[in-house]
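Taking it in order: structure first as structure tokens, then the write-up.
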Amino acid sequence: MFQKEQQLVEEKIKTYCAANDIQLAELKWKPIPFSGEWGFATSFFQTAANEAKRGRSENMSAPQKAQEIAEQVKGQISGEAGIRHVEAVKGYLNIYFKTSEYALRVVDEVLKNGANFGRGKLKSETVMVEYAQPNTHHSFHIGHARNAALGEVLARLTEFAGYRTIRASYPGDLGLGVITVLWMYDKFYKGQEPAGVHERGQWLLKLYVEANQLLEKKENETPAETAQREAYEAERREMYRKWDAGDPQVRELWHVTRRWSLDELREILQMLDIDIDVWFFESDVDAPSKAIVDELIAKGIADDERPQGGAVIVKIDEKLGLTKEKYRTNVILRADGTSLYLTKDLALAKEKFEKYHVDRSIYVVDTRQSLHLQQAFAILKLWGFAQAEKCHHLGYGFVSLPEGAMSSRKGRVTLFKEVYDEAVKRVLSLNVEKSVELSSAEREKIARQIGMGALIYSMLSVDNNKDIVFHIDEALSFDGRTGPYIQNAHVRANSILKKANFKPSTSALQPETFNYDLAKQEIELIEQLSQFPQKAQQAAEEYRPLVMATYAYDLANAFHSFYHAVPVLQTEDEKIKNARLLLVAATKQVLVNALHLLDIQAPDAM
RNA sequence: GCUUCCGUAGCUCAGUGGAUUAGAGCGCUUGCUUGCGGAGCAAUAGGUCGCAGGUUCGAGUCCUGCCGGGAGCACCA
């Protein structure tokens with residue numbers, strides 16, 4: 001927002017140093033870290049160190065020399081438009097803006113651009129974010145929710161940064177786990193179907209757990225039990241064979257039950273305000289992936305060891321000419337001719353690149369699959385896809401429960417829907433006195449927004465590569481550094497504006513609007529507003545939703561402090577009151593923008 | 001064995017080279033509501049940033065080694 005001033009000052013410093021034979025290091029500008037005034041600053045330590053090496057420091061320490069240079073440079077700068085004063089402190093050159101002009105510029109930028117404040121320029125690259133890849137025939141648990149939240153926020157960030165963004169989901173709809181559910185249903189529950197989308201989806205998980213109990217080898221089995229278990233196992237294998245052979249009845253059963261799962265998934269994604277653009281199914285890339293194997297063999301990338309009774313493999317390190325073990329060797333086709341996870345990922349990537357013209361492909365996948373994805377990217381590179389360089393794995397640590405790891409097989413999972421329902425219940429139980437004037441439908445809606453806000457923020461406010469132990473009381477806390485804290489700042493801002501019946505407009509901004517003694521809380525708040533664009537950009541470039549989560553809290557924190565310390569509606573001076581209303585309106589706007597990037601709703605009341 | 005992530009306050013975590021004093025939240029202690037919504041604000045206590053070297057004018061931050069913990073390592077996904 002202040003590049004012009006910065007450039008001007010930088011030119012002057014460079015000119016001065018060139019004229020005086022000072023070997024100037026690169027200037028790195030940062031906002032001044034003290035509260036009370038604004039500006040930007042740069043240090044001269046590196047320059048001082050350079051000078052010392054040239055024997056020109058006159059036995060001064062680096063900080064002393066830096067201070068000397070800062071003082072000299074300071075003399076060159078004065079009277080620039082918008083700059084109030086310049087100081088040289090501890091080796092730093094601090095350049096302060098005129099408060100009223102700075103405040104005006106920030107608030108004006110926000111109100112003028114509204115929802116687009118902070119948006120990056122349109123870029124030519126297309127980004128695809130792949131997330132929400134649960135298996136069908138199981139259920140969506142809290143670990144999937146972390147994946148979905150991270151993926152959606154990343155997609156929102158890249159979109160906001162100016163990339164054309166495609167959201168992709170890739171459910172796993174085949175394999176032994178799926179067949180196990182089909183077998184269980186067919187054998188014991190044929191014809192049954194619980195009412196309700198979630199009930200039906202969750203019921204499939206119940207079948208899966210029961211089936212695994214029946215099929216699991218137990219200690220001290222009687223011969224009869226062993227025989228029974230082996231008979232079940234044979235039936236399951238037969239079911240798999242039929243599915244593979246395209247048996248119409250098994251396929252039909254598979255389709256119907258798969259739809260139950262997908263219906264539930266779609267409803268859950270809707271609760272999370274996620275709108276997937278492209279659905280890839282594992283079953284769709286199964287056949288193409290086998291064709292790819294032949295292509296890779298023909299190109300000399302894969303080695304066919306089937307004649308020796310082996311599989312088709314890719315010796316990745318060897319093909320890349322690496323001497324040290326890095327990607328190792330991986331199988332892309334089993335000895336029996338069936339494809340693997342890796343094979344399908346290759347087929348999927350090809351489709352992304354060729355059909356969707358994706359330049360940059362982001363995979364939001366559990367961090368444990370890091371090696372697998374590195375191998376896939378390496379093979380794509382060998383295969384000749386330039387986009388392989390721009391494949392990025394956004395890994396995230398796994399979510400476990402206080403009692404241990406989640407396991408669908410054992411049924412030890414915390415389902416997203418359970419947490420969702422609990423969240424809504426808790427919000428409603430808090431909320432009675434204050435929302436008398438709201439209808440029960442409005443209260444329900446707000447409860448959902450706040451419950452989800454708490455849950456999503458708890459997922460985003462920890463670095464993605466850290467593991468999380470999911471404690472429901474912590475995830476659904478509404479106090480302190482939480483989603484509702486940020487939402488509450490928005491509610492308060494909204495409440496003030498509503499009481500004043502204030503419609504912000506940039507035409508209300510005059511050069512003298514902020515020409516009064518700003519409280520330090522006002523200054524801190526404006527400082528936070530001004531940082532939104534660069535934080536949004538940083539979060540997108542570094543693929544780090546956490547950056548935005550941290551920022552949103554800092555902004556809300558600045559507003560809450562302002563709210564308590566600085567009166568708005570009670571301000572007697574009409575001009576100051578108007579200025580503060582504009583500031584509140586700008587804050588509300590940036591809170592909305594930040595919350596939106598975080599996939600959290602901004603309720604007007606709560 | 002190799003690879004990778006992590007180790008910061010009692011607990012959960014921010015902070016990836018620069019500033020007075022390493023920051024939040026929870027929990028602990030204490031104030032604030034005849035006030036724009038207290039899901040809040042203000043304040044107190046609590047840290048040799050795992051250990052040891054190194055690079056640098058400057059290291060919680062970069063490099064090396066060690067200690068401790070998690071995860072992954074070809075016919076599962």
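Because only heavy atoms are used, hydrogens play no part in the values below, and waters and symmetry mates are left out as well, while side chains stay in. Keep in mind it's a predicted model, so treat the numbers as computed, not measured. Throughout, a chain's letter reflects where its sequence line sits, starting with A, and its residues are numbered from 1.
- Residue-level contact check: Val568(A) touches the bases, meaning some heavy atom is under 4.0 Å from a base atom.
- Closest to the Arg328(A) side chain, of the nucleotides rG1(B), rG18(B), rA39(B), is rG1(B).
- Using a 4.0 Å cut-off, some side-chain N or O of Ser561(A) falls inside it from OP1 or OP2 of rA42(B).
- The base of rC26(B) has none of its N or O atoms less than 3.5 Å from a complementary donor or acceptor on the side chain of Glu474(A).
- For the pair Asp345(A) CG and rC76(B) P, the computed distance is 16 Å after rounding to whole Å.
- The listed nucleotides are rG40(B), rA74(B), rG18(B); the one nearest the side chain of Ile313(A) is rA74(B).
- Contact annotation: side chain of Arg481(A) to base of rC13(B), donor-acceptor pair absent below 3.5 Å.
- With both ends at atom P, the span from rU4(B) to rC41(B) equals 42 Å, rounded to whole Å.
- With hydrogens and angles ignored, the 3.5 Å screen pairs a side-chain donor or acceptor of Tyr457(A) with a backbone N or O of Ala549(A).
- Using a 4.0 Å cut-off, no side-chain N or O of Lys466(A) falls inside it from OP1 or OP2 of rG70(B).
- Between Tyr485(A) and the phosphate of rC41(B), there is a side-chain N or O to OP1/OP2 separation shorter than 4.0 Å.
- Each of rC57(B), rA14(B), rG38(B) was ranked by its minimum atom distance to the side chain of Arg492(A); first place goes to rG38(B).
- Ring-base stacking between Tyr563(A) and rG40(B) is not satisfied when judged by a centre separation under 5.5 Å and a plane angle under 30°.
- With hydrogens and angles disregarded, no donor-acceptor distance shorter than 3.5 Å links the side chain of Asn465(A) to the backbone of Tyr396(A).
- A gap of 48 Å separates the C1' atoms of rA39(B) and rC57(B), to the nearest Å.
- Taking the six-membered ring where tryptophan is involved, the planes of Tyr170(A) and Phe280(A) are perpendicular, since the angle between them exceeds 60° and thus also 30°.
- Distance from the side chain of Glu282(A) is smallest for rA77(B) among the nucleotides rA77(B), rA14(B), rC57(B).
- In this model, the phosphate group of rA14(B) is not approached by any side-chain N or O of Tyr551(A) to a distance below 4.0 Å at OP1 or OP2.
- A side-chain N or O of Gln531(A) and one of Glu527(A) form a donor-acceptor pair less than 3.5 Å apart.
- Proximity of Lys326(A) to the phosphate of rU4(B): no side-chain N or O atom is located under 4.0 Å from OP1 or OP2.
- Set against rA14(B), rA77(B), rA39(B), the side chain of Leu430(A) has rA39(B) as its closest nucleotide.
- Across all strands shown, rA71(B) forms a Watson-Crick or G-U wobble pair, both distances under 3.5 Å, with rU3(B).
- Ring geometry, Phe532(A) versus Tyr551(A): the interplanar angle falls from 30° to 60°, so the pair is classed tilted.
- Of all nucleotides listed (rC5(B), rA19(B), rG40(B)), rA19(B) comes nearest to the side chain of Ala41(A).
- Remark: C1' of rC76(B) and CZ of Arg236(A) are 13 Å apart, rounded to the nearest angstrom.
- Nearest nucleotide to the side chain of Phe478(A), out of rG72(B), rC57(B), rA39(B): rA39(B).
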